Protein chains: 2
Amino acid sequence: MAATARRAPGAPTTRDRILAAAAEEFAARGFDGAKVDRIAVRARVNKAMLYYHFRSKTALYQTILLDRFGRVARAVEAVREQGGSPEIQLRRFIEALAGTAFTQPQFPPMWLREIADGGRHLAPPIVSEMGRVVGTLGAILADGHAAGVFRQVNPLVTQVGIVAPLLFFAATGPVRERFKQLVPADILNAQGQEIITHVVAGTLAAVTPPHARPSASRRQQS
Amino acid sequence: MAATARRAPGAPTTRDRILAAAAEEFAARGFDGAKVDRIAVRARVNKAMLYYHFRSKTALYQTILLDRFGRVARAVEAVREQGGSPEIQLRRFIEALAGTAFTQPQFPPMWLREIADGGRHLAPPIVSEMGRVVGTLGAILADGHAAGVFRQVNPLVTQVGIVAPLLFFAATGPVRERFKQLVPADILNAQGQEIITHVVAGTLAAVTPPHARPSASRRQQS
DNA sequence: GTCTATATTTTGATAGAC
DNA sequence: GTCTATCAAAATATAGAC
């Protein structure tokens, strides 16, 4: 044991500090823009320590990606296990995705970058986690179609219609902050809830078959 | 004159070749991932030539960004000049954006990356071009609201709901191609038209006030 | 306008002591 | 597990001839 500084109980381990610092750096700068030196400084360790815990910059990056996509996958699968009508599940699916996007700020930019990169860093286990997300939505849509409440839609198109606005909105937080003086404040102050409402409304409208559109009982005029 | 190779009439200039090569490299790898050497090779010039035409890697990147955002801005402003009802203009706005995204494949990944980067490379003139896009949509929405056919919506939220899915879908082309063996072919074969239809339907539903929802004349049952 | 050769800095990664 | 010192490759940029 000797003179080694002992970690306080409950305090994050060195490995955890590295992971946290790396997530911020990768999210803010992307894989190529992220610098190992900066990650080490942020984590208050030296580079050698970082390479003791992770084989390479790539391995570190993929560890984080896998963790984050795993969380999303678990979040949406929990929605399905919770049951309920297809409409309810679809709504909760969107909310779960939004929840992840807003509570884990590093995730949206990372996802956007991976898309732009053509999946260059997406190792098979990570792709598998993404598949669980799309698969969950596909199952909800299939249920709805079988029950006659959804028309037959392409799950990929629906998925994009849901995920893209949420990621985009969450990721543009910093940009909106940066250019706030150029745009009327009330417009910029759009809250997360507004985009969720928008996506829910848009998605439901796109998957609802014509014969199930809003009924006359809700209409006010001819 | 001497022994200098003369450019064939109509053939792209050296500068143009550099710009084209750089656009591909930046789109595929991002600013930090893009390498000046690779751009030079792709453009069939040497590095010194590249630095003769452009002050720096950053200057080259921003030249391309400004050009691309300028094209989008002109495309959507043309929609507005064309006139028509707010609904028509909104639809054409979406189609114009989609057209740009699909015909200029480098643009969607570049836009996604800039979002993820928090606008680190967005010089004021580029921001100004983006403003023209949002401004155009804002005007269409305001017209519609004044005419009573749209409810009052946050233009930024609507903008995100339109732009994000289109960019995302266009940018995921390569990823979908890459993992085509993991997903049923018919799902992957979603065409651009499907996402446009989805976005149009979703957006119109989100901006349409309750009293103007699909009328009973279109409904088939109680 | 174009090329070769090179300067300079940054960066991912490691050796080896403690 | 942790640190100092350092290597080797890569990458941006430029000098200077033609």
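Predicted model only: the values in this text are computed from it and were never measured. Numbers restart at 1 for each chain; the letters A, B, ... are given by sequence-line order, proteins then strands.
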For D/dT2, does either OP1 or OP2 sit under 4.0 Å from a side-chain N or O belonging to A/Thr14?
-> yes
Within less than 4.0 Å of OP1 or OP2 of C/dT14, is there a side-chain N or O belonging to A/Tyr51?
-> no
Spacing between B/Arg29 atom CZ and D/dA11 atom P, to the nearest angstrom | 10 Å
Within the distance-only criterion (no hydrogens, no angle test), does the side chain of B/Arg80 pair as donor or acceptor with the backbone N or O of B/Leu137 below 3.5 angstrom?
-> no
Any B/Asn46 side-chain N or O less than 4.0 Å from OP1/OP2 of C/dT2 = no
Specify the separation, in whole Å, of atom CZ of A/Arg44 and atom C1' of D/dC3.
-> 16 Å
When rounded to whole Å, the CZ to C1' distance for the pair B/Phe31 and D/dT12 reads 10 Å
Taken to the nearest whole Å, OH/B/Tyr52 to P/D/dG16 is 18 Å
Please work out if A/Ala34 contacts a base, only the sugar-phosphate, or nothing of the nucleic acid, heavy-atom cut-off 4.0 Å.
-> sugar-phosphate
Applying side-chain hydrogen bond (donor to acceptor under 3.5 Å, both in side chains) between B/Glu24 and each of B/Arg38, B/Gln106, B/Arg42, B/Arg29, report the one that passes.
-> B/Arg42
Return the orientation label for the B/Phe26 and B/Phe31 ring planes: parallel under 30°, perpendicular over 60°, tilted otherwise.
-> parallel
From D/dT12, D/dT2, C/dG1, pick the nucleotide closest to the side chain of A/His53?
-> D/dT2
Ranking C/dA13, C/dG12, D/dG1 by distance to the side chain of A/Ser56, first place goes to C/dA13
When you check the gap from the basic side-chain N to the acidic O, do B/Arg132 and B/Glu129 get nearer than 4.0 Å?
-> yes
Write down the distance between CD1 (A/Ile18) and C1' (D/dG1), rounded to a whole number of angstrom.
-> 11 Å
Between C1' of D/dA10 and NZ of B/Lys47, the distance in whole Å | 10 Å
Mind calculating the distance between CE (A/Met49) and P (D/dC3) to the nearest angstrom?
-> 7 Å
Nucleotide nearest B/Ala48 when distance is taken to its side chain, options D/dT12, D/dA15, D/dT2 = D/dA15
Whole Å only: how far is the CG atom of A/Leu50 from the C1' atom of C/dT14?
-> 13 Å
Take atom CZ of A/Arg91 as the centre, draw a 6.0 Å sphere, and report whether it contains more than 12 heavy atoms from other residues, nucleotides or ligands.
-> no
Please tell me which of the listed nucleotides, C/dT2, D/dA11, C/dG12, lies nearest to the side chain of B/Lys35?
-> D/dA11
